Amino acid sequence: MKITFYGHATLGIQIKDLFILVDPFITGNPKAKHIDISSLNPDFILLTHAHQDHILDVEAIAKSSGATIVSNYEIVTHYQNLGFEGHPMNHGGSWDFEFGNLKYVNAIHTSSFPDGKYGGQPGGFIIEGEHKTIYIAGDTALTMDMKLIPMQTTLDLAILPIGDNFTMGVEDAIIASDFIECDKVLGYHYDTFGYIEIDHEDAKRKFFDKDKDLMLLEIGDSVEL
Ligand code: NI
Ligand code: MN
């Protein structure tokens with residue numbers, strides 16, 4: 001499994017010959033100008049929730065790729081009504097896709113489309129493929145529900161928001177890492193806007209002091225599991 005960071009909360013996940021894109025927000029991110037969305041050809045687009053900074057490029061990329069959109073019922077219905085392919089899920093549900101098993105898990109946040117339309121309840125994803133399991137938390141607060149995850153699975157990597165203000169900050173992400181029993185964390189949802197700028201070295205040191213590893217990737221860089 002190969003995970004590529006495309007800035008903010010946008011991730012690419014390569015499993016076998018399938019490419020999964022998560023929360024595409026690239027053309028609106030001034031830090032991701034070097035990423036060409038026409039070069040992305042996903043088989044699946046996973047959406048944690050309907051906020052603009054997670055869905056901005058969905059229509060353009062789904063149109064060019066024909067990707068299947070996977071999210072909560074409300075978000076998938078919205079895109080199906082526009083003519084796109086979709087697979088609706090809801091919290092606690094899992095499904096065996098071609099790439100592996102996907103579970104839609106709880107997140108504490110909100111989820112409206114940019115025009116204010118209801119976007120269901122926000123979530124995160126647990127993806128198991130090629131004998132590796134990752135947790136993509138989505139935009140979320142620290143929540144006790146995270147303790148349910150290690151009761152059922154062993155994570156190889158957790159992708160957690162660390163930018164604070166709209167989501168968990170670094171201190172809460174460290175506690176989340178305890179709850180999910182995964183000390184290997186890829187940070188995301190930071191630095192894109194003024195509200196979520198963080199001190200990288202300070203964040204890494206705080207994780208290191210708890211015997212945890214915080215990875216912060218350059219936009220376009222990948223990590224292989
Ligand atoms: Ni959000
Ligand atoms: Mn967000």
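Order of appearance sets the numbers: ligands from 1, and atoms from 1 within every ligand. All values below were derived from every heavy atom in this structure, side-chain atoms included, with hydrogens, water molecules and symmetry-related copies excluded. Just so it is clear, the structure is predicted and the values come from calculations on it, not from any experiment. Position 1 is the first residue of the sequence; numbering continues from there.
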Novice: Do H189 and D53 get their side chains close enough for a donor-acceptor pair, meaning under 3.5 Å?
Specialist: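 Yes, a side-chain donor-acceptor pair sits under 3.5 Å.
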Novice: Closest to the Ni ion (ligand 1), which N/O/S atom of H51 is it?
Specialist: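 The Ni ion (ligand 1) is closest to the H51 atom ND1, counting only N, O or S.
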Novice: Would you mind naming the N, O or S atom of H54 nearest to the Mn ion (ligand 2)?
Specialist: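 Of all N, O or S atoms in H54, the Mn ion (ligand 2) lies closest to NE2.
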Novice: Is the distance from the Mn ion (ligand 2) to some N, O or S atom of H51 under 2.8 Å?
Specialist: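 Checking the Mn ion (ligand 2) against H51, no N, O or S atom falls under 2.8 Å.
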Novice: Go through the side-chain N and O atoms of T68 and H87 and say whether any donor and acceptor fall under 3.5 Å apart.
Specialist: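 No, no side-chain donor-acceptor contact under 3.5 Å.
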Novice: Taking both backbone and side-chain atoms into account, decide whether D139 has an N/O/S atom under 2.8 Å from the Ni ion (ligand 1).
Specialist: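 Here the distance criterion (N, O or S atom, under 2.8 Å) is met by D139, so yes.
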Novice: Does a donor on one side chain and an acceptor on the other come within less than 3.5 Å for N72 and N90?
Specialist: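 The answer is no; no qualifying pair exists.
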Novice: The test is salt bridge (Lys or Arg N to Asp or Glu O under 4.0 Å); show your working for D178 and K212 and say whether it passes.
Specialist: CA-CA 10 Å; D178 284 333; K212 297 174 187 293; 2.7 Å; yes
Novice: What do you get for the angle at the Mn ion (ligand 2) between OD2 on D139 and OD2 on D53, to the nearest 10 degrees?
Specialist: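 Vertex at the Mn ion (ligand 2): approximately 170°.
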Novice: For a 4.5 angstrom cut-off between non-hydrogen side-chain atoms, does D43 reach E98?
Specialist: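 Of all side-chain heavy-atom pairs linking E98 with D43, none is under 4.5 Å.
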